[in-house]
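Please read the structure below before turning to the comments.
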Protein chains: 2
Amino acid sequence: MVDTARDDPRGRPAAERVQRPQARTTERREAVLKAAMNVFGARGYNKGALVEVAEQAGMTHAGVLHHFGSKEGLLVAMLKYRDGEEVAGVPARAQTEGPAFLQHLVDTVEENTHRRGVVQAYTVLSGESVTDGHPAHDYFQGRFHGLRAKIAGVLGEVSGNTDERELADAASALIAIMDGLQVQWLLEPDAIDMPRILSRTIDELVDRLRRP
Amino acid sequence: MVDTARDDPRGRPAAERVQRPQARTTERREAVLKAAMNVFGARGYNKGALVEVAEQAGMTHAGVLHHFGSKEGLLVAMLKYRDGEEVAGVPARAQTEGPAFLQHLVDTVEENTHRRGVVQAYTVLSGESVTDGHPAHDYFQGRFHGLRAKIAGVLGEVSGNTDERELADAASALIAIMDGLQVQWLLEPDAIDMPRILSRTIDELVDRLRRP
DNA sequence: TCCAACTTACTTACAAGTCAGTAAGTGTGC
DNA sequence: GCACACTTACTGACTTGTAAGTAAGTTGGA
């Protein structure tokens, strides 16, 4: 057997190694990541089993562990993959900048109404992430922190308002609306028009920030 | 042995039985429900174990099952208990009515900043509830449905606005803000002032609804 | 160019643990 | 005296992770 754990007692996953991957490896890993999205989205991280992820990717659960080292490693890779970061050799999308970012938020929410699985995965995992020692805790903490800063910056730009606290509050509220609406929408899709409500809220928010 | 499964193959919990409970039974059950809040709040429903709930309530996990029939039964009872409903003989709080309800929301959020466990339980479980076949699915669906109606009604009362759609959207947004802020607050408490943001949002919302 | 040495990408089999739920028995309060 | 409130003991279903083996691919050197 190949010794995958020469230095690290917990085993060093193949994804971290510098050496040569084989031809179809990238697409196999992407298949696993997509399967993880499905399974963790449908069942949550704790209830989602590696066996099911593996099945959907067309291999055994030991094969999944070969690529990602552990279930936790798979989750983290999946979250980064969702964010468009490069994970073991997969693409990276461009980030929208400046005022257009607010429209980008609305567009994304509009898109999301056609991608229930993605929304469900995000909702389940962000909820789970507040539990003690959850492997996605740091990810979501960092995500919210960064998103707040970004949105606050854009809101300041657009409104001319310079009150840091007010901008931060508005940013928090905006993120909260988006996330909160997703839960309600998942439970009763026909009762919630996410893009309309978000768009309206942004308009009101910018309007308010423009006044002293 | 007492036959707990005379009619229902899945067992009829003691809590549902018509017969006379013993003296200290009510408080024992309440202890279990409080323990369930702790455990499901800290670890989520899927990862939260009956053994831990039982330990915290001072009995074995089989004792818990004696009272609530199944883990799912315990969760549902816990959710109802949290809502102030009567569960196997425990109190029921009064509901605030009319315009005062909006202030009540702010007060509750203020209280919640001192009850992290309750907030965490709510956040984790509402997130989990959108997964396939989750036992709390119906509970949260009903909860959001009812809460939206109630808040929309109060907002109409307060603002004089009669546009049903606008009121419903505002109600959804308000609930979304409250829930969304909780996630951010749990992950970074010092960065989020929930009562301030909510209070501000309600003011703006009512203000907007007053204009045509 | 071919081959030996090695790695990668898996598989099957199993170890070890956790968990919900069941069966049956015990003591105690009404 | 009997139902209730438990306990102890156990089962079976799942879990993640590991061990060990194998086929196929890659690389460096003769």
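Lettering follows sequence order; numbering is per chain, from 1. Heavy atoms only: backbone and side chains are in, while hydrogens, waters and symmetry mates are out.
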Rounded to whole Å, the NE2-P distance (B:His61 to C:dT22) equals 10 Å
State whether A:His66 places a side-chain N or O below 4.0 Å from either non-bridging phosphate oxygen (OP1 or OP2) of C:dC10.
no
Whole angstrom value for the distance that separates C1' of C:dA20 from NZ of B:Lys47
17 Å
Are any side-chain N or O atoms of A:Gln184 and backbone N or O atoms of B:Ser172, one a donor and one an acceptor, separated by less than 3.5 Å?
yes
Show your reasoning for whether side chain to side chain donor-acceptor pair (under 3.5 Å) applies to B:Tyr81 and B:Glu30.
CA-CA 9 Å; B:Tyr81 173 67; B:Glu30 205 173 353; 2.9 Å; yes
Starting at CG of B:Leu74 and ending at P of C:dA20, how long is that distance when rounded to a whole Å?
10 Å
Would you say B:Arg28 places a side-chain N or O within less than 4.0 Å of OP1 or OP2 belonging to D:dC6?
yes
Nearest of C:dA20, D:dT16, D:dA5 to any side-chain atom of B:Lys71?
C:dA20
So, is A:His67 close to the C:dC10 phosphate, meaning a side-chain N or O under 4.0 Å from OP1 or OP2?
yes
Send over the distance from A:Asn46 CG to D:dT16 C1', rounded to a whole Å.
12 Å
Identify which nucleotide among D:dG17, C:dT8, C:dG21 has an atom closest to any side-chain atom of B:Ser70, counting heavy atoms from C-beta outward.
C:dG21
Could you check how far CZ of B:Phe68 sits from C1' of D:dA5, rounded to whole Å?
13 Å
Minimum side-chain heavy-atom gap B:Val53-B:Lys71 below 4.5 Å
no
A:Leu50 CG to C:dC10 P: how many Å, rounded?
15 Å
Scan B:Gly73 against the nucleic acid and name what it touches under 4.0 Å (heavy atoms): base, sugar-phosphate only, or nothing.
nothing
A:Met59 CE - C:dT11 P separation (whole Å)
7 Å
Spacing between A:Leu65 atom CG and C:dT11 atom C1', to the nearest angstrom
13 Å
With a 4.0 Å cut-off on heavy atoms, is B:Ala49 in touch with a base, just the backbone sugar-phosphate, or nothing at all?
sugar-phosphate
Kindly state whether the ring of B:Phe140 and the ring of B:His134 have centres lying under 6.0 angstrom apart.
no
Cationic N near anionic O, under 4.0 Å, A:Lys47 to B:Glu128:
no
